[in-house]
Amino acid sequence: MPFQQEINRCGKHLGITLTDNDHLDLQNQAIIELKNRNIAGAVIVPLAFVIGGLTTDYAAGHPTLFLFLGLLLSVAILVRIATIFVFSKNTSYSKALWLPLFFWSNMFVAIVWAIFSSTAVIFYHDSLSITLIIILLAGIGGGSMASYCIWKSLSYSYLLVILLPAVFTELLIANSVTIPIGLAIASFLVFNLVQAKHWNEHYWLSLANTFLVKKNAEEVAILNEDLAQEIINHKKTTAEIAVSRKKLEDIFNAAHDAVFIYDLNGKVIDVNATMLHLFRVNKETALQYGMERNFHSSVNSDIDLPGIWQKALQGEDQEFQWNATRKVAPLHFSAQVNLHKTLWGDESVIIATLRDITLQIEAKEAALAANRAKSEFLANMSHELRTPMHGILGYARLGIKRSESISREKLNEYFSLVHESGYRLMDLLNNLLDFSKLEVGKMRYRMKKCDLFPFIHQVTTELTPMAMEKNLSFSVQSDQESIPVYCDPEKIIQVLRNLLFNAIKFSDEETIITISSESESNADGIGLQKITISNYGTIIPDEELESIFGEFIQSSKTKTGAGGTGLGLAIARQILRDHNCSIIAKNGDDGSTIFQFNLPQEERQLTSLSD
C-alpha cells in the first residue's frame with residue numbers, strides 16, 4: 001500500500017490504531033491532493049521551458065536541441081496529465097499501476113530539465129544569460145517541494161535529478177560565474193532536502209488530524225441518530241411493559257403449579273393464586289411463610305433442604321420431592337419442587353414451583369407394576385415354550401423326511417419323542433402361573449433323591465435335532481456310573497435344558513458341548529455333585545460373567561440375533577438358589593465358556609451347602 005510508512009507514523013504519533021479502511025481512506029485523500037497540487041505544474045513547467053529558451057540565446061543558438069528537448073518534455077507532460085486525469089476517475093488507487101507511471105513521468109520531466117540546464121551552463125558559462133535559466137530552475141525545484149512533499153521519495157528524487165547535474169556542471173567549469181552559481185544552487189538543494197522531511201511530516205499530521213475530526217464527527221452524528229431512535233424505542237418499550245406486566249400477572253396467577261417467590265433470606269415476597277388454592281390459605285397468611293420453617297421438617301428429615309437452598313443461592317437449579325402438609329383434608333400430599341434463582345425486576349430472588357404429584361406417583365407405580373407383570377409373563381411364556389416346541393418340530397421334520405426309509409421302530413421312537421415334548425409343552429402351559437411364584441419364593445418343589453444321568457440323557461436327546469442344525473455333538477463325562485443328587489427332578493431338568501439350550505445357541509459350528517459330573521466335598525466334608533457344562537463359541541467378557549444371570553440380560557458379545565429373552569439363566573439361578581445351591585459362569589483357559597453348579601447328594605445336606 002503506498003504511503004504506508006507515513007500513515008503508520010501518523011497513527012503512532014497520535015496514539016491511535018488505524019484500521020485497513022482508515023489506511024485506504026488516508027491514502028486516497030493524499031493521492032487526490034497530490035493530483036490537485038500537480039495541475040499547476042502541468043502548465044508552469046512547459047511555460048518556464050519556453051521562457052528560458054526564448055529569453056536567452058539557447059533557442060536561437062541551438063534550435064535542434066531545444067526542439068528535441070521540448071518534444072521530450074511535451075511527451076512527459078502529456079503522460080503526467082494522463083495520470084492526473086486517471087487520479088480524478090479511479091478510486092481503487094491501491095490496486096492501480098498509475099502511481100509508478102506518475103512517479104516516472106515526473107522524473108522524466110526532471111531529467112529533461114537537468115539536460116536543459118546542464119547544456120545551458122556548458123554553452124553559456126561566460127554569459128549572465130544563464131542566470132535566468134538557473135532562476136527558473138530553482139523556482140521549479142522549490143515549487144516541487146510544495147507539490148511533492150506529500151510523497152517524500154518523489155520530492156527528494158525530483159530535487160536531486162533537476163539540480164545536481166547543473167551543480168556538477170557549474171563546479172566542473174569552475175570560472176568566476178559558474179562557481180558562485182553552483183554553490184548557490186547546492187545550498188538551495190541542501191536547504192530544500194532538509195525542509196522536505198519537515199513539510200512531509202507536517203502534511204501527514206495535518207491530514208490525519210483532519211481525517212480524525214471528520215471521522216469523529218461522522219461517529220457522533222451516527223450516535224446522535226442512534227440515541228434519538230433509542231429514546232423513541234424506550235418510550236414504546238415503556239408502554240409495552242405496562243401491557244406485558246398485566247399479562248404476566250394474569251399468567252402468573254393462572255399457572256397450574258403453585259409458585260412461591262422468596263428473597264435471598266428465604267422470606268416469601270409473593271405467591272400466585274394456585275398456591276393459595278392448593279394450601280387453602282389467604283395471601284396475608286402465605287406471606288408469613290419462610291424457608292426457615294421448612295429446614296427442620298420432621299416429615300422430610302431425609303432431605304437436606306438447607307444444602308439444597310445454598311445450591312439454589314449459588315445459581316444451581318434444584319429439583320426434589322417434598323412431603324407437604326396443609327390444614328384441610330387431605331392433610332398430606334407429595335409435591336415436586338423446583339428452585340430457580342433469577343431476577344424479579346431489579347432484585348435477585350428464588351422462584352419455587354410446587355406441583356401436587358400424589359396421583360401421578362400412584363398412577364405411575366400402578367402402571368409400572370402392570371407393565372412389568374405383563375412383560376415378565378410374555379417373556380417367560382415365549383422362552384419356556386420354545387424348547388419343547390423345537391423338540392416337536394425337529395422330530396416331526398425328521399419323521400417326514402425319513403418316513404419311507406426308516407424302520408417302524410425308529411418311526412415309533414420319533415413319535416415317542418414328539419409325544420414327550422408335547423407332554424412337556426402341556427406341562428409348561430399348566431405351570432405358567434407357577435413361574436411368577438418363582439420370583440417371590442413361592443414355587444412348590446417335590447424334592448427326592450434320584451440319579452441325574454437319565455435327566456441329562458433326556459435333555460440331550462430332546463435337544464439333539466436343534467444341535468444337529470449346527471453339527472454340534474454332546475459329550476457326557478462322569479467319574480461314576482450314576483450321579484446321585486437330592487433335588488426336584490422337573491426343576492433340575494429345566495435348569496439343564498436352559499443351560500444346554502443356551503450353549504447350543506452360542507456355540508461355534510462342528511464343536512462339542514460337554515456335560516460333566518464330579519463328586520466332591522466342601523470345606524465341611526459335605527458331599528456334592530459338581531455339574532459342569534462347557535462349550536466353544538462366543539467368549540463372555542469377564543466383567544459380564546455375573547450380570548448375565550439377571551432377568552432379561554444377555555452378554556454384549558452374545559446379542560447376535562440368535563434369539564432368547566435373557567430369562568433362561570435367571571430362571572436356572574433362581575431354581576438352584578431354591579435348592580440352596582449356586583451357579584457360576586467363567587471362561588476356560590482353552591477358550592471355552594463354562595457354567596458350573598453344585599447339587600447336594602443327601603437330604604440332610606440341603607440346609608448346609610456352601611458356594
Side-chain angles (χ1 to χ4, degrees), residues 376-435 438 450-476 488-515 533-538 554 558-572 575 595:
E376 292 177 357
F377 174 78
L378 292 176
N380 279 328
M381 183 175 65
S382 173
H383 183 276
E384 300 305 327
L385 295 181
R386 185 179 299 154
T387 301
M389 186 60 71
H390 273 296
I392 294 172
L393 294 176
Y395 283 107
R397 182 166 56 252
L398 288 174
I400 293 172
K401 288 182 178 180
R402 303 178 182 178
S403 61
E404 297 181 358
S405 60
I406 62 175
S407 64
R408 179 175 295 276
E409 290 77 11
K410 195 66 174 177
L411 191 60
N412 286 336
E413 181 182 349
Y414 287 168
F415 279 128
S416 297
L417 292 171
V418 170
H419 177 267
E420 183 178 342
S421 294
Y423 180 83
R424 176 59 186 162
L425 182 62
M426 180 60 70
D427 185 60
L428 287 172
L429 291 173
N430 291 333
N431 289 284
L432 276 176
L433 294 179
D434 289 339
F435 288 131
L438 186 65
C450 51
D451 183 3
L452 193 62
F453 246 133
F455 304 156
I456 296 174
H457 178 72
Q458 175 183 338
V459 176
T460 54
T461 303
E462 178 184 332
L463 296 178
T464 294
M466 181 187 301
M468 290 175 63
E469 294 178 359
K470 298 174 68 174
N471 292 323
L472 302 174
S473 59
F474 296 108
S475 174
V476 181
D488 182 327
E490 290 297 323
K491 301 302 185 295
I492 296 304
I493 288 174
Q494 186 175 353
V495 170
L496 292 171
R497 186 181 292 113
N498 289 351
L499 294 176
L500 289 175
F501 183 75
N502 188 76
I504 291 171
K505 284 193 298 181
F506 303 115
S507 289
D508 294 336
E509 292 189 3
E510 298 182 355
T511 57
I512 299 174
I513 299 173
T514 302
I515 307 99
I533 297 176
S534 63
N535 69 289
Y536 294 89
T538 306
Q554 290 188 18
T558 59
K559 293 180 180 178
T560 60
T565 62
L567 277 174
L569 296 180
I571 293 172
I575 290 174
F595 287 88

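A quick note: this is a predicted structure, and the numbers were derived from the prediction, not measured.
With rounding to the nearest 0.5 angstrom, the CD atom of Glu462 is 9.0 Å from the CD1 atom of Ile493. Atom CG of Asp451 and atom NE2 of His457 lie 12.5 Å apart (nearest 0.5 Å). Atom CG of residue Asn498 and atom CD1 of residue Ile571 lie 6.0 Å apart, to the nearest 0.5 angstrom. Put simply, CD1 on Ile515 and OG1 on Thr460 are 6.0 Å apart, with the number rounded to the nearest 0.5 Å. If you take NZ on Lys491 and CG on Leu496, they are separated by 13.5 Å, rounding to the nearest 0.5 Å. Put simply, CG on Asn535 and CD1 on Ile533 are 9.5 Å apart, with the number rounded to the nearest 0.5 Å.
Every residue two or more places apart in sequence or in another chain was checked for a side-chain hydrogen bond (donor to acceptor under 3.5 Å, both in side chains) with Thr514, and none qualifies. In terms of the side chain to side chain contact (heavy atoms under 4.5 Å, CB included) criterion, residue partners of Thr511 (sequence neighbours excluded) are, by chain and number, Leu472, Ser507, Asp508, Tyr536.
Phe501 has its side chain within reach of Lys505: a pair of non-hydrogen atoms, C-beta onward, lies under 4.5 Å apart. Ile456 places none of its side-chain heavy atoms less than 4.5 Å from the side chain of Phe474.
Applying the 6.0 Å contact sphere to CG of Leu393 captures more than 12 heavy atoms from other residues, nucleotides or ligands.
Between Arg497 and Val459, the closest heavy-atom pair is CA-CG1, 3.6 Å.
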